[in-house]
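Below, read A as the first sequence line, B as the second, and so on, with proteins coming before strands; counting in each chain starts at 1.
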Amino acid sequence: KIGQSSIALRTEAPTLPLIWELLEEVPGKQQRQPRVLGHPLRYMLELYHRSADPHGHPRENRTIGATMVRLVRPSANTAMPLRGPWHIQTLNFPLRQNRVGYQLVRATVVYRHQLHLSRFHLSCHVEPWVQKRQTNHFHSTRSGSSKPSMLSKSWAEMDITQHIQQKLWNHKGRRILQLRFMCQQQKAGQVLELRWHGTSSLDIVFLLFYFNDTHKSVYKAKALPRGLAEFTGRDPPLLRRAR
Amino acid sequence: QAGTIRSEVPGPSQEHDGPESSQCSLHPFQVSFHQLGWDHWIIAPYLYSPNYCKGTCPRVLRHGLNSPNHAIIQNLINELVDQSVPQPSCVPYKYVPISILLIEANGSILYKEYENMIAQSCTCR
C-alpha cells in the first residue's frame, strides 16, 4: 500500500513509528530510483561494515557515535574558469528539515584530497562558498575544529557543524549549502583543464550528517548549540521537557 | 487468600500444557528484504532475522518466562473463575536492534539503527 494510499495510512496508524518512517522513506516500487554507485556508496558500505556485523547486529565496539548517518551528495556543480594552478568547482548541497525526534550531533564534509587526472597530480581541499551579495557569512574554515582530518590516503573529512548553524537560504527559499572544491595542479597543462571541466565532483565530495535518536537518549542529550535547533526544526529535547 | 488459591492450582503437567516442544519459545526465522519487497530500498544487510515466539503458555508460569504478575493472575482467572478470559499469550520479551543501510527516495544514503527489530527471548503475558 505504501506510495498508493499513504495519506489514508497516516490517519489509520498515527502512533506507529516504523509505519511513519516507511511512509516517509520507502520509495514506491514503481518509482525505483537510480542506484547511487561509486564512491559515496562504497564509503557508506565501509561505514556500515565497521558498525554492524553481516547479520545487521550493531557492533559493541562501534565508534560511529550516532544512531543515524545520512550521506548527502551535491545536487549540482559548476566548474569555474582556471585561475593559475587552481581548478575550482562550486557545489550545491540541498539541506532538508530534520525529522522530529532526531538530534544533529555532527556534520562533516568528506572529499578526495588527492586527485590524478591525465597523469597530473592535484592536491584538493574544500572551502565554504559565499556569494558577494549574500548577507550571511561562514566562519573561516581554517579556524577551530574545521581543519580537515585524513581518513585514509585518499579521503579527508572536515567538521562543518558550525557552518550548518548559518541560515543558508537561497533566493528561492531553499536551504542550500555551497562549497568550493579547490584543487591545485602541480604542472600546468591544457589537456588537464579540459579534463577538469569534464570531471564531476558530485561523486568525490559529500556531506555526512550524524544524528542521535532522542526518543531513547533523551536523558543523555545535551542542549543544542544555538542554530542547530533551527536546523533540526524544533526545540532541543531538554527545553521541550522543561516547558 | 493466596493459600486457598494455591491449593486449587494444579501443578505443571504434560497433560495440560502439551509436549515440551509446543510450549512458548523463541523460533529462529530469517527473511530476505527481497521477500519483503524492500530490496530496492535497503542495501544491507541482505537477510533479516526477526525470529518469532510461538507455543502454548503453561498454566503455571515458571520463573524463566519472565511473566508479569498480571499474567499469573489472568491464568488463575481463566482456570478458576471465567474461561472466557483467555490464557496469557506467547510474545517477545526482549528485542535487539538492527543496523540498516538504505537509499532514500532523493538519493541520499542512510545508515540507521532501528530499535526492537529482532526478537531475542519470549514471555507469556
Side-chain angles (χ1 to χ4, degrees), chain A residues 2-3 17-18 21-22 24-37 39-59 62 64 66-75 93-94 96 99 102 202 206-213 215-217, chain B residues 25-54 66 68 70 88-123 125:
Chain A
I2 289 167
L18 183 60
E21 294 203 5
L22 293 174
E24 284 183 11
E25 291 176 2
V26 181
K29 273 272 186 188
Q30 65 279 14
Q31 314 163 347
R32 186 177 286 262
Q33 78 275 18
R35 278 282 184 193
V36 182
L37 298 172
H39 296 302
L41 181 58
R42 250 176 279 159
Y43 187 94
M44 287 300 277
L45 277 170
E46 278 180 30
L47 181 144
Y48 180 85
H49 292 309
R50 282 201 310 272
S51 307
D53 69 15
H55 302 287
H57 302 135
R59 296 188 191 278
R62 62 192 184 282
I64 196 167
T67 56
M68 186 166 91
V69 183
R70 173 174 284 118
L71 182 148
V72 176
R73 301 166 71 223
S75 61
F93 293 87
R96 72 180 204 186
R99 191 182 305 138
Y102 287 90
L202 302 180
F206 49 82
L207 305 182
L208 291 177
F209 292 101
Y210 294 79
F211 297 95
N212 263 338
D213 185 346
H215 291 117
K216 68 170 186 177
S217 61
Chain B
S25 62
L26 183 71
H27 294 250
F29 187 79
Q30 205 166 57
V31 65
S32 70
F33 285 112
H34 174 73
Q35 288 173 289
L36 290 173
W38 293 344
D39 57 321
H40 65 300
W41 176 55
I42 292 173
I43 303 165
Y46 175 71
L47 294 171
Y48 167 38
S49 304
N51 305 328
Y52 64 92
C53 294
K54 185 180 175 183
N66 294 301
H70 178 270
S89 302
C90 177
V91 292
Y93 176 63
K94 280 187 178 173
Y95 300 94
V96 290
I98 188 173
S99 295
I100 284 177
L101 191 67
L102 55 94
I103 296 181
E104 294 179 296
N106 64 359
S108 299
I109 308 174
L110 193 69
Y111 165 91
K112 191 168 176 188
E113 294 171 14
Y114 285 89
E115 291 294 321
N116 305 328
M117 291 288 282
I118 298 170
Q120 198 180 36
S121 63
C122 302
T123 184
R125 62 187 309 157

| Nearest heavy-atom neighbours spanning Arg73(A) and Gly107(B) |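 Distance-wise, the nearest heavy atoms are CD-O, 4.4 Å.
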| query | Where do Pro58(A) and Pro97(B) come nearest, in terms of heavy atoms and distance? | reply |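 Heavy atoms of Pro58(A) and Pro97(B) come nearest at CD-O, 3.5 Å.
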| said: The test is side chain to side chain contact (heavy atoms under 4.5 Å, CB included); show your working for Tyr111(B) and Ile64(A) and say whether it passes. | reply: CA-CA 10 Å; Tyr111(B) 165 91; Ile64(A) 196 167; 3.5 Å; yes
| task | Answer whether the closest heavy-atom distance between the side chains of Pro45(B) and Tyr48(A) falls below 4.5 Å. | result |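 Of all side-chain heavy-atom pairs linking Tyr48(A) with Pro45(B), at least one is under 4.5 Å.
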| Once you round to the nearest 0.5 Å, how far does CG of Leu102(B) lie from CE of Met44(A)? |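 The CE atom of Met44(A) is 8.5 Å from CG of Leu102(B), to the nearest 0.5 Å.
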| field | Pairwise distance CG(Asp213(A)) to CD(Glu113(B)) - rounded to 0.5 angstrom | value |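 Asp213(A) CG to Glu113(B) CD: 9.5 Å, rounded to 0.5 Å.
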| message | At a heavy-atom distance under 4.5 Å, which candidate from Val96(B), Leu101(B), Leu47(B) has the highest pair count against chain A? | response |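 Among Val96(B), Leu101(B), Leu47(B), the one with the most close pairs to chain A is Leu101(B).
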| field | Sequence-distant partners of His57(A), side chain to side chain contact (heavy atoms under 4.5 Å, CB included), two or more places apart | value |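 With sequence neighbours excluded, His57(A) shows a side chain to side chain contact (heavy atoms under 4.5 Å, CB included) to Asp53(A), His55(A), Ile118(B), given in chain and number order.
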| query | Between Pro54(A) and chain B, which part of the residue has a heavy atom less than 4.5 Å away: side chain, backbone, both or neither? | reply |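 Just the backbone, heavy atoms under 4.5 Å.
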| task | With a 4.5 angstrom heavy-atom cut-off, could you sort out which part of Ile100(B) is near chain A: side chain, backbone, both or neither? | result |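 Ile100(B) touches chain A through backbone heavy atoms alone.
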| Just wondering, are more than 12 heavy atoms of other shown residues or ligands nearer than 6.0 Å to OH in Tyr52(B)? |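 Result for OH/Tyr52(B): enclosed.
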